[in-house]
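The next block holds one structure in the form of structure tokens; read it before the comments.
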Amino acid sequence: MILTRSLGFSLTTLTGKVTAESEDTPFILRESIANYGGDYLFLIAGKMEIDKTSADLLLNELPPVIFIKSGSNESSVFTWLMNYIRNEKLFQRAGSTAVTDHLMHLIMIEGVRSWMHESDESNQGWMGALRDPRIMRVLSEIHGDPARNWCLPEECHVLVLSGGSLN
């Protein structure tokens, strides 16, 4: 799971019995890895900061928690990424900080992709627009040339050619 906001959580058994609350569980921080005292659960916690101007736009679209289904293609990607981060933190080779920063970015990208693929909620708002190939093409063009004076044909009195391109 990925928490998209600062939230507490409960550790539970498969039957749903709460065994610990995140705020009340002591841990030992060793080599940048928090050890909560168990061999069966491995948690990696990281904090990513997003550009303040776009943070609300993104976070308002995302759920508070993105769940990754165990046994899914996405979970195997997450397992690989988490193990890679763990090894980087344990062995502290040259460039470890840069590597773990980039891996955390990949975790967030994969988390959002997974949510978009699995959730009906992601069909709403601008996240839903990302699923439409026509809108994605337009957004890609705009982001590829942000200095251009983009406008709609009826506002610019532009001729739409039969090939579909605007001039």
Side-chain angles (χ1 to χ4, degrees), residues 1-14 16 18-25 27 29-93 95-144 146:
M1 90 175 114
I2 296 175
L3 302 177
T4 61
R5 293 153 182 82
S6 181
L7 299 169
F9 57 91
S10 301
L11 300 176
T12 66
T13 64
L14 290 175
V18 175
T19 58
E21 297 293 337
S22 61
E23 296 89 9
D24 302 330
T25 306
F27 61 89
L29 188 62
R30 193 174 325 147
E31 296 173 0
S32 300
I33 295 177
N35 183 337
Y36 284 85
D39 293 331
Y40 302 104
L41 176 65
F42 180 70
L43 296 175
I44 291 183
K47 179 180 177 184
M48 287 189 63
E49 292 192 20
I50 310 170
D51 176 67
K52 300 292 184 207
T53 57
S54 57
D56 285 342
L57 182 64
L58 176 61
L59 292 176
N60 287 339
E61 295 291 321
L62 295 176
V65 179
I66 296 174
F67 292 97
I68 310 301
K69 291 183 182 176
S70 179
S72 66
N73 288 338
E74 290 85 2
S75 71
S76 64
V77 170
F78 279 96
T79 299
W80 184 86
L81 289 167
M82 298 301 246
N83 283 325
Y84 202 140
I85 287 175
R86 182 176 184 268
N87 287 335
E88 287 295 323
K89 291 294 188 182
L90 285 174
F91 300 114
Q92 291 294 307
R93 298 180 305 177
S96 283
T97 300
V99 169
T100 55
D101 285 350
H102 289 292
L103 290 171
M104 284 302 294
H105 290 140
L106 286 172
I107 285 171
M108 287 306 300
I109 291 166
E110 289 298 324
V112 172
R113 283 179 173 174
S114 173
W115 172 73
M116 288 178 69
H117 177 73
E118 294 291 327
S119 173
D120 290 337
E121 291 175 45
S122 69
N123 287 325
Q124 308 300 314
W126 65 266
M127 289 295 239
L130 296 178
R131 294 179 137 189
D132 185 315
R134 297 169 302 159
I135 294 175
M136 266 312 293
R137 188 174 135 227
V138 169
L139 290 174
S140 293
E141 292 290 328
I142 291 170
H143 285 276

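Remember, it's a predicted structure, so these values are computed and weren't measured experimentally.
For the pair Gly111 and Phe78, the tightest heavy-atom approach, listed with the atom from each and the gap, is N-CZ, 3.4 Å.
Within the model, atoms CG of Asn87 and NZ of Lys89 stand 12.5 Å from one another, a figure rounded to the nearest 0.5 Å.
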Walk me through it: do Ile107 and Met82 pass the test side-chain contact (heavy atoms from CB on, under 4.5 Å)? CA-CA 8 Å; Ile107 285 171; Met82 298 301 246; 3.5 Å; yes
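Residues satisfying the side chain to side chain contact (heavy atoms under 4.5 Å, CB included) criterion with Val99, sequence neighbours excluded, are Tyr84, Glu88, Leu103.
Inter-residue side-chain proximity for Phe91 and Ser96 is flagged as unmet; no heavy-atom pair is nearer than 4.5 Å.
Here side chain to side chain donor-acceptor pair (under 3.5 Å) pairs that include residues 99-113, with residues two or more places apart or in two chains, are Glu110-Arg113.
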